[in-house]
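The structure appears right after this line, and notes come after that.
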Amino acid sequence: MQPITVTLNGREVTGEPGMTILELARKEGVHIPTLCHESHLTSVGDCPSISTCRICFVEDERTGAMVTACGTFIVPGMVINTHSPRVLERRKTVVELMLASHPDSCLVCDKGNRCQLRQVAAELGIGLVKLQKIPQPATINDANPFIKRDLSKCILCAKCIRACQELVVEGAIDYFRRGFTAKPATFGDTALEESECTFCGTCVSICPTGALMEAEPLHIGTTGTVVRSTCPFCGCGCSLLLKVYDERIVRATPNKQDAISRGTLCVKGSFGFDFIHSPDRLTIPLIKVNGDFKEATWEEALDAVAGEFKRIKEVHGSDSLAVFGSSKCTNEENYMLQCFARCVLGTNNIDNSSRLHGAAGLTGPGETGGIFGTTNSITVLEEAEVILVIGADPTKSAPLVGYAIKRAVRCRDAKLILVDPRESRLALFANLWLRPKIATDLTLVNSLCKTVIDENLVDDNSVNRETADFKALAESLGGLDPAYIQKATGVAFEDLQHAARIYANAERAAIVYGSGVAQQVNGTETIKALFNLALLTGKLAGQSGVYALQRENNAQGACDMGVLPDYLPGYHPIADRASIRKFKDYWGDIPDKPGLTVFEMLTAAKSGEIKGMYIVGENPVSTFPLAGFVQDALSSLEFLVVQDMFLTETAKLAKVVLPAVSFAEKEGTFTSFDGRINWLRKALKPLGQSLPDCEIITRLAVKMGSPMSFMSPQEVREEIEKLIPMYRGIGYGLSEEPEFQPEGNGAFVKTLPMYRKQPEGTFGLLPARNGALPQEPDKEYPFVLLTGSNLFHSGGGTRSSRATRLSRFSFEAYVSVNEADAEHLGVADGDKVRVLSPAGDVVAAVKVTDTLPQGTLYMPFSVSVNPVSQLFDITLDDERKSPLIKAVKVKLERVGSDV
Ligand SMILES: Nc1nc2c(c(=O)[nH]1)N[C@H]1C(S)=C(S)[C@@H](COP(=O)(O)OP(=O)(O)OC[C@H]3O[C@@H](n4cnc5c(=O)[nH]c(N)nc54)[C@H](O)[C@@H]3O)O[C@H]1N2
Ligand SMILES: Nc1nc2c(c(=O)[nH]1)N[C@H]1C(S)=C(S)[C@@H](COP(=O)(O)OP(=O)(O)OC[C@H]3O[C@@H](n4cnc5c(=O)[nH]c(N)nc54)[C@H](O)[C@@H]3O)O[C@H]1N2
Ligand code: SF4
Ligand code: SF4
Ligand code: SF4
Ligand SMILES: [Mo]
């Protein structure tokens with residue numbers, strides 16, 4: 001394409017076709033003020049249906065026309081003035097009109113110097129406005145703890161509306177009325193909490209004035225330091241800007257420069273950070289003396305830990321010790337921790353909590369092709385033509401992925417195939433919604449593969465039909481009988497064929513799976529079957545991908561770093577001699593027998609084989625199934641040390657508690673579920689005497705008399721780069737600026753390494769198995785209860801329940817009941833019921849719903865008031881030893897109103 005030459009303020013400059021005047025000016029370093037423009041939103045420049053700010057007016061000298069810079073494309077020969085007297089006069093008039101209809105509350109407005117209207121007025125030298133004041137509509141009383149609206153300060157730029165509709169695709173707000181009385185409002189002009197609003201905070205961060213503000217701010221006005229970091233909650237890895245004032249994080253906003261999160265966050269990222277300032281934070285090491293915790297110095301605490309670990313190792317051997325590492329800690333900390341377990345304690349008994357949801361993803365494609373988890377980036381997901389979401393609820397559990405899927409459907413016409421027995425929010429967006437019987441996904445996915453083979457939809461570049469594994473797969477699937485499939489899954493065979501064709505015929509297709517399959521009976525097999533489907537149709541990578549959605553902030557990194565009993569860093573199998581040799585060159589002697597998974601460790605603790613345990617950043621007593629058993633197991637230990645920010649239920653059982661800092665008080669990296677390596681930067685000094693996990697582990701190794709070869713996160717990164725090829729380049733980005741570099745299309749992308757290796761046809765298809773169908777509910781327990789994530793909380797709520805605003809919004813425990821079931825049981829909304837499973841019981845309020853099939857109940861995981869995990873026994877997947885904690889058969893009993 002020919003570049004276009006334009007005269008800009010008397011200078012000849014060139015731009016690309018399709019560029020607006022604003023983009024060209026910005027490229028040339030010419031500042032044009034804007035209020036309604038935002039790079040991630042559609043431009044509204046001259047859109048007649050939306051009133052626009054029109055302060056980016058510029059003149060074209062050839063015609064004398066005034067045009068908006070954001071809404072006008074450059075054409076050859078234009079002669080543009082951005083700051084001529086006429087332009088400035090016009091701009092001033094526009095801003096004066098805005099000020100005339102703006103209340104006089106600037107002096108007391110929380111927005112302070114962050115207000116862009118004030119900034120523009122100052123830039124144009126506008127003093128007091130003499131125009132007649134135009135009264136504005138009254139403010140709205142929202143009762144939620146997140147967002148307050150004062151629409152008298154609204155300048156009708158429509159950024160909030162566009163953000164809600166185009167970026168997060170909630171559609172909670174739109175224009176209410178037109179003309180002078182127009183305002184952005186919810187449907188029916190209700191309070192936000194009565195609308196579809198998820199309190200993601202995106203509109204607040206984008207509003208140029210004080211019209212949309214945080215409710216209950218932790219600080220009024222402008223703050224000094226801004227530190228770029230990464231959200232510590234889910235695996236999406238959103239980029240956060242932490243605003244610091246007086247050693248406190250007072251505000252967290254999205255980083256608009258990040259091409260992945262694009263200026264969006266979810267409610268936890270925007271409003272959940274203040275657990276770091278909770279008065280419950282541990283600030284001093286604790287040692288238990290006669291059953292009570294006593295404060296201790298670091299010397300005393302570390303001496304006690306090192307002394308006990310050494311004693312147990314000497315008396316009972318290294319394998320009587322175990323380490324439970326953390327999917328919340330950084331890569332560097334996790335790397336150090338596994339090194340501590342293997343080199344200092346001398347055991348491979350080390351695991352992390354992704355065992356609960358992610359272990360299934362490590363099998364199959366990991367074993368045959370070295371892909372562990374997700375195979376492509378979230379950007380590629382958004383560009384897919386077809387997205388198959390199975391057993392995942394990303395609008396709640398991974399909101400950034402939810403946004404990407406909804407945008408793909410709404411803005412790019414992607415087809416969504418949803419496989420979920422329950423009506424999740426994505427059902428509204430689905431072209432095809434399959435509602436299988438619970439835990440029958442293996443048969444369902446195998447039947448999709450069957451159609452692909454039967455109808456010759458196989459991609460011959462991806463699969464060699466002559467190989468034994470293809471022949472075995474085709475043969476086993478050939479035996480699957482449509483009548484059986486239909487009966488087993490409850491889905492019509494034609495619908496399954498239709499789904500298989502849509503998926504296979506697309507050029508770019510994605511599979512997104514979650515714990516709705518991974519934590520079910522046959523979970524591991526179902527995930528292998530999903531990989532078979534992707535492989536058969538040539539959709540494993542390239543412009544397609546398989547996305548494993550079951551991640552906490554650094555579950556991916558903890559596994560990559562080798563916090564696993566059977567893999568060394570970078571998934572070098574412990575069973576492989578060559579791997580062991582490679583690592584021995586660096587570390588000296590290491591054990592070569594695979595260790596125990598976390599549930600096996602607990603069983604071994606109970607039976608006395610494991611005597612000492614080191615738990616870092618995990619709270620199994622609150623979050624694992626069968627809390628009583630976990631508690632017993634940990635209490636049977638001779639020695640337990642817990643390293644955490646809080647005195648959790650698990651920490652209470654420890655002999656020594658070591659206070660760790662939060663994500664905001666340390667540096668390091670997290671790996672997102674799709675393999676982006678994101679930085680944490682230190683924004684605050686450690687609270688009290690608490691220390692970063694890295695430092696605690698290093699000091700402990702020294703005390704044990706086996707100092708590790710690295711002392712700082714930087715030194716760890718150097719070793720990680722040497723031993724884990726896919727992390728090469730991890731050191732880049734902290735000190736070297738700019739971290740963001742422009743890409744061809746003008747967007748900004750991170751230049752951190754995308755480490756996922758692209759598969760090169762080395763994958764084997766996996767044999768199709770048809771596991772046993774799950775237990776049907778019976779007379780005694782006639783319902784199946786499903787569990788799922790709670791948007792406002794994370795895990796067991798250790799952190800999110802200490803974030804003041806999230807904790808205020810958490811609801812009481814509830815159980816959703818289908819309308820017909822509710823009628824049959826004689827229960828109504830709000831009635832208290834006892835939910836009983838063979839393992840335990842919980843009390844919850846009824847919420848009648850039409851989103852569930854009859855006979856199915858749903859309870860979101862929530863904070864400690866509602867430990868739904870009490871209902872689960874520990875039943876482990878044979879292959880990966882993961883617990884099946886997604887569905888359980890239960891019965892309901894009414895309880896009196898006094899409960
Ligand atoms: N009630 C309930 N139970 C659940 C779930 C649920 O949502 N609700 N989900 C289930 C699933 S799928 C999973 S994976 C597990 C998740 O459960 P957990 O992994 O146990 O999750 P959290 O409750 O967030 O606990 C994490 C612990 O890590 C600590 N921590 C956080 N950051 C750091 C750090 O930087 N350093 C140190 N040292 N500690 C840190 C926190 O203080 C907290 O005690 O729970 C399972 N059980
Ligand atoms: N807000 C928030 N986000 C989180 C967490 C949190 O606690 N809070 N926890 C994080 C963690 S540790 C995890 S593991 C992930 C979990 O995140 P996801 O993997 O998305 O899991 P869920 O949110 O439980 O959603 C599971 C979906 O599967 C459906 N489902 C249930 N049974 C079946 C079935 O048999 N077949 C099919 N096809 N579908 C089924 C359910 O109806 C539900 O819609 O979320 C992470 N993100
Ligand atoms: S509330 Fe803020 S973002 Fe929304 S239209 Fe008004 S000024 Fe613009
Ligand atoms: S907080 Fe999020 S969901 Fe709610 S109105 Fe704003 S952009 Fe929409
Ligand atoms: S989507 Fe996940 S990473 Fe992003 S803000 Fe929400 S919790 Fe944080
Ligand atoms: Mo999880």
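The first residue in the sequence is number 1, and the count goes up from there. Values reported hereafter were calculated over all heavy atoms of this structure, with side chains retained and with hydrogens, waters and symmetry mates removed. Ligands are counted one by one from 1 in listed order, and the atoms in each one are counted from 1 as well.
- With contacts defined as side-chain heavy-atom distances shorter than 4.5 Å, the pair Lys268/Arg799 does not qualify.
- Near Ser353, meaning under 4.0 Å from one of its heavy atoms, ligand 1 places the atoms 14 (S), 19 (O).
- The shortest N/O to N/O separation between Lys666 and ligand 1 falls below 3.5 Å.
- Put simply, CD1 on Ile206 and CG on Leu212 are 10.5 Å apart, with the number rounded to the nearest 0.5 Å.
- Taking a cut-off of under 4.0 Å to the non-hydrogen atoms of Cys197, the atoms of ligand 4 that pass are 1 (S), 3 (S), 4 (Fe), 5 (S).
- Below 4.0 Å from some heavy atom of Gly796 lie the following atoms of ligand 1, by number and element: 22 (P), 23 (O).
- Atoms of ligand 1 lying under 4.0 Å from any heavy atom of Met645, numbered from 1 in the order shown and given with element: 30 (N), 31 (C), 32 (N), 33 (C), 40 (C), 42 (O).
- Judged by distance alone, the side chain of Asp142 and the main-chain N or O of Asn144 form no donor-acceptor pair under 3.5 Å.
- Ligand 1 lies within reach of Phe646, whose nearest heavy atom is under 4.0 Å from it.
- For ligand 1 and Asp693, the ligand atoms under 4.0 Å from any heavy atom of the residue are 34 (C), 35 (O), 36 (N), 37 (C), 38 (N).
- Under a 4.0 Å criterion applied to the non-hydrogen atoms of Glu170, ligand 4 contributes the atoms 3 (S).
- Between the side chains of Ser794 and Ser800, not a single donor N or O lies within less than 3.5 Å of an accepting N or O.
- Taking atom 8 (Fe) of ligand 4 as the reference point, the nearest protein heavy-atom neighbour is Cys164 SG, 2.4 Å.
- Ligand 1 has Gln519 within reach: a non-hydrogen atom of the residue lies less than 4.0 Å from it.
- A donor-acceptor contact under 3.5 angstrom links the side chains of Lys886 and Ser515, judged on distance only.
- Defined by atom type and a distance below 3.5 Å, a donor-acceptor pair is missing between the side-chain atoms of Thr698 and Glu695.
- Side chains of Asp393 and Ser789: a donor-acceptor N/O pair is absent below 3.5 angstrom, by distance only.
- Between the CG atom of Leu35 and the CD1 atom of Ile55 there is a distance of 4.0 Å, given to the nearest 0.5 Å.
- Residues that satisfy the side chain to side chain donor-acceptor pair (under 3.5 Å) test with Lys652, not counting sequence neighbours, are Glu649.
- Residue contact check: Arg799 has heavy atoms under 4.0 Å from atoms 24 (O), 31 (C) of ligand 1.
- Ring orientation note: the planes of Phe275 and Phe233 are nearly perpendicular, at an angle over 60° on the 30°/60° scale.
- Side chains of Ser327 and Asn352: a donor-acceptor N/O pair is absent below 3.5 angstrom, by distance only.
- Within the 4.0 Å heavy-atom cutoff, Ser789 does not count among the residues contacting ligand 1.
- Not one N or O of Cys329 is nearer than 3.5 Å to an N or O of ligand 1, by distance alone.
- Proximity of the aromatic rings of Phe624 and Phe629 is defined here by a centroid distance below 6.0 angstrom, and this criterion is not met.
- A distance-only check finds no donor-acceptor pair linking the side chain of Ser261 to the backbone of Cys238 [under 3.5 Å].
- Closest to atom 3 (S) of ligand 4 among all protein heavy atoms lies Thr198 N, 3.5 Å.
- With hydrogens and angles left out, the side-chain atoms of Thr875 and Asp873 include no donor and acceptor closer than 3.5 Å.
- In this structure, the protein non-hydrogen atom closest to atom 2 (Fe) of ligand 4 is Cys200 SG, 2.4 Å.
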### Query
Would Glu170 and Lys406 count as a salt bridge (charged side-chain N to carboxylate O under 4.0 Å, His left out) if you check the C-alpha gap in whole Å, the side-chain angles of each, and the deciding distance to 0.1 Å?
CA-CA 9 Å; Glu170 298 296 351; Lys406 291 187 288 179; 3.0 Å; yes
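- Within the listing of ligand 1, atoms 14 (S), 16 (C), 19 (O) sit less than 4.0 angstrom from a heavy atom of Glu552.
- Per-residue contacts place Ser869 under 4.0 angstrom from the following atoms of ligand 1 (heavy atoms of the residue considered): 3 (N).
- In this model, no donor atom of one side chain and acceptor atom of the other lie less than 3.5 Å apart for Glu333 and Ser326.
- Between Ser622 and ligand 1, a contact under 3.5 Å exists for no N or O pair.
- Taking a 4.0 Å cut-off on heavy atoms, Gly201 registers as neighbouring ligand 4.
- Among the atoms of Gly795, some N or O lies under 3.5 angstrom from an N or O of ligand 1.
- Close contacts between ligand 4 and Ile147 involve ligand atoms 1 (S) [criterion: under 4.0 Å to a heavy atom].
- Protein atoms that are N, O or S and lie under 2.8 Å from atom 2 (Fe) of ligand 3 are these: Cys207 SG.
- Here Val868 has no heavy atoms under 4.0 Å from ligand 1, in either its backbone or its side chain.
- In the vicinity of Thr648, heavy-atom distances shorter than 4.0 Å reach the ligand 1 atoms 44 (O).
- Nearest to atom 25 (O) of ligand 1 by heavy-atom distance, out of Ile885, Val661, Thr798, Val642, is Thr798.
- Contact check for Cys157 versus Pro208: side-chain heavy atoms found under the 4.5 Å cut-off.
- Of all the heavy atoms of Thr623, the ones lying under 4.0 Å from any atom of ligand 1 are found in both the backbone and the side chain.
- Looking at Lys328 next to ligand 1, an N or O pair under 3.5 Å apart turns up.
- In this structure, the side chain of Gln643 does not engage the main chain of Gly617 through any donor-acceptor pair within 3.5 Å.
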### Message
Applying salt bridge (charged side-chain N to carboxylate O under 4.0 Å, His left out) to Glu618 and Arg355, what does each step give before you reach the verdict?
### Response
CA-CA 12 Å; Glu618 294 292 346; Arg355 182 68 48 197; over 6 Å; no
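- Ligand 1 has no nitrogen or oxygen under 3.5 angstrom from a nitrogen or oxygen of Phe663.
- Neither the backbone nor the side chain of Phe146 has any atom closer than 4.0 Å to an atom of ligand 4 (non-hydrogen atoms only).
- Of the protein's non-hydrogen atoms, the one nearest atom 5 (S) of ligand 3 is Ala158 N, 3.2 Å.
- Checked against the 6.0 Å centroid criterion, the rings of Phe809 and Phe271 do not qualify as a close aromatic pair.
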